[in-house]
Amino acid sequence: MRQDCASVEGVEVDTRHWIGGQRVASATTFEDVSPIDETVIAYVHAGTSAEVDAAVAAARAAFPAWAALPVGERAAILRRVAEGIEARIEDLSLVETRDNGSLIRSHRRGVMPRVAMNFRAFADYAEHKLGHPDMEVPNRGHRERISYDPAGVVAIITPWNAPLMLATWRIGPALAAGNTIVVKPPEWAPLTASLLADIMHEAGVPAGVFNVVQGTGLDAGAPLTAHPGINRLAFTGSVPTAGTIAKAAAENIVPLSYELGGKSPLLVFEDADLDLAVEIAVEQFDNAGQVCLKAARMLVHESLAEEFTRRVVEGAEKLVQGDPRDEATDVSALISRRHFDQISGFVERALADGARPLLGGGPNDDLGGLYFRPTILVDAPEDAEIMTEEVFGPVVTIQTFADEEDAVRKANDTRFGLAATLVTGSRERAERVSAGLEAGTVWVNCFFVRDLEAPFGGNKKSGIGREGGLWSFDFYTDIKNSVFSPTGWKE
Ligand code: NAD
């Protein structure tokens with residue numbers, strides 16, 4: 001296998017960095033292993049502080065001209081990026097699926113079109129909606145003009161579970177606002193970031209505006225977070241890594257935006273549409289449960305518990321587990337051997353703590369490899385590790401609640417606060433319960449729906465800040481207030 005290029009499902013992917021509009025090699029490479037069959041699919045260049053320095057320097061050099069472009073011109077280039085993504089949806093889907101084991105059908109129909117939207121929507125927003133009407137200071141006649149100045153170089157660090165989606169959700173608004181970028185993709189799924197660099201180049205994004213440094217968290221991520229040349233740090237990943245990165249950001253005095261883990265609840269009330277509740281529950285095994293927003297803790301009113309549990313088990317049993325390149329597959333493999341072992345450990349300890357498996361609980365012996373069966377646990381004590389820690393795999397628990405107060409208390413009894421979902425037939429209850437839930441996003445009788453203009457982020461340990469619509473521009477710009485006096489003018 002050549003060391004600077006890989007053919008993945010027939011798609012050529014350059015495995016070098018993309019810095020200052022050029023491919024740049026490192027002295028060493030690391031193996032990129034596909035979770036589908038644990039084979040090495042690429043050797044990816046392993047960046048270190050030298051490549052990070054070069055990328056930040058390229059982004060700094062490109063910043064003045066990109067920031068000075070009229071917003072309409074920047075938006076036009078970003079719309080061409082969106083078109084480039086749309087033209088390559090199949091390539092991007094094939095590569096992402098092979099790289100991280102996520103379902104090809106999700107990419108073709110939902111994820112990759114949304115990746116294009118991450119550019120188109122924020123280009124439109126920046127061009128047509130960003131701004132604030134001038135304010136008049138009462139009595140004194142001063143005019144205050146609020147403007148959104150690009151912040152500079154934005155460092156973006158992303159996880160492996162939805163790498164291109166999560167990167168572009170940051171890259172789109174950051175570029176639209178006039179910033180330049182250095183992105184460090186996840187070492188477990190690094191390839192689509194390289195294809196994005198090709199698309200950016202073809203769309204006419206100037207050299208240095210968008211840079212990719214491949215590598216591990218420690219060798220490439222850490223120097224990027226500590227680099228004095230960055231102006232914003234956008235991180236999506238786990239809480240432990242976030243803690244480490246926060247120290248670097250504190251030394252550097254760089255504003256950061258964190259999108260972190262979760263342990264989200266699904267609340268099913270006695271007046272719920274049970275078909276809908278079961279459908280939402282079974283959906284939680286999507287991407288083998290490797291979804292930050294997943295409702296891992298199911299809470300059901302005791303009057304419905306038996307029927308709900310039976311139907312969720314039946315629904316999960318019917319899920320087809322296998323190769324994610326097959327459109328019929330519902331549940332695929334876990335990202336890595338290390339992650340597989342971690343999830344096995346969580347389940348073993350849950351059983352030792354008293355949880356009872358109604359489904360799954362271990363590897364899928366028919367498939368071997370990294371395929372872990374959809375697992376449903378009941379009777380776990382409230383303070384057990386399985387109830388409190390993020391598992392990030394195809395494992396859910398079901399608990400009961402007695403009444404609304406008990407439901408909200410149990411739902412909020414977590415250090416996380418990313419999302420919560422409730423199913424109820426009562427509008428009044430929906431208003432009351434959603435107001436009481438400690439979560440950045442609450443879904444009522446639906447799941448995983450969100451407009452790009454709406455705010456997204458986590459409460460408690462699930463994150464810092466909000467992005468989406470104007471909230472993205474709040475983070476990726478320096479908001480300036482220019483106060484104009486009514487006096488002192490010579491014309
Ligand atoms: P992770 O924290 O291990 O890694 C995330 C990224 O950080 C990777 O690119 C990694 O290389 C980098 N990194 C690791 N150590 C670093 C360091 N010391 N300095 C700088 N960078 C470093 O997380 P993961 O296992 O890749 O992803 C899973 C986690 O991400 C879960 O907790 C999940 O809930 C969370 N997540 C959150 C959201 C959200 O929107 N809130 C979305 C997806 C995933």
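FYI, the numbering just counts along the sequence from 1. Atoms within each ligand, like the ligands themselves, are counted from 1 in listed order.
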Near-ring test Y258/F235, centroid separation under 6.0 angstrom: yes
Candidate list H17, E12, R23, R16, test side chain to side chain donor-acceptor pair (under 3.5 Å), partner S194, passing option: R23
Y125 and F473 aromatic ring geometry - parallel, tilted or perpendicular at 30°/60° bounds: parallel
Check: S462 N/O within less than 3.5 Å of ligand 1 N/O: no
Ligand 1 N/O within reach of F235 N/O, cut-off under 3.5 Å: no
Option set S238, G261, S264, criterion heavy-atom distance to atom 23 (O) of ligand 1, minimum: S238
Option with minimal heavy-atom separation from atom 35 (C) of ligand 1, where the choices are P159, G237, S336: G237
Atoms of ligand 1 close to A222 [distance to a heavy atom under 4.0 angstrom, numbered from 1]: 19 (N), 20 (C)
Any N or O of T244 closer than 3.5 Å to N or O of ligand 1: no
Short N or O distance, T216 and ligand 1, threshold 3.5 Å exclusive: no
Ring center gap for W188 and H339 short of 6.0 angstrom: no
Polar contact flag, side-chain donor to acceptor under 3.5 angstrom, E259-W169: yes
Within-cut-off N or O pair, L260 and ligand 1, under 3.5 Å: yes
Close N or O approach (T158, ligand 1; < 3.5 Å): yes
No-hydrogen, no-angle side-chain donor-acceptor test under 3.5 Å, E51 and S26: yes
Under 3.5 Å: donor-acceptor pair, side chain of K184, backbone of V52: no
Interfacing atoms of ligand 1 (cut-off 4.0 Å, heavy-atom, P186): 9 (O)
Polar atom proximity, E390 to ligand 1 (N or O, under 3.5 Å): yes
Under-4.0 Å heavy-atom contact with ligand 1, by part of L166 that carries it: side chain
Side chain, backbone, both or neither: the part of V291 lying under 4.0 Å from ligand 1 by heavy atom: neither
Ring geometry between F340 and F372 (parallel below 30°, tilted from 30 to 60°, perpendicular above 60°): perpendicular
N161 neighbourhood, listing ligand 1 atoms whose heavy-atom distance to it stays under 4.0 Å: 43 (C), 44 (C)
4.0 Å heavy-atom contact, F456 with ligand 1: yes
No-hydrogen, no-angle side-chain donor-acceptor test under 3.5 Å, D4 and H45: no
Contacting atoms of ligand 1, where contact means under 4.0 angstrom from a heavy atom of G221: 19 (N), 20 (C), 21 (N)
T236 N/O under 3.5 Å from ligand 1 N/O: no
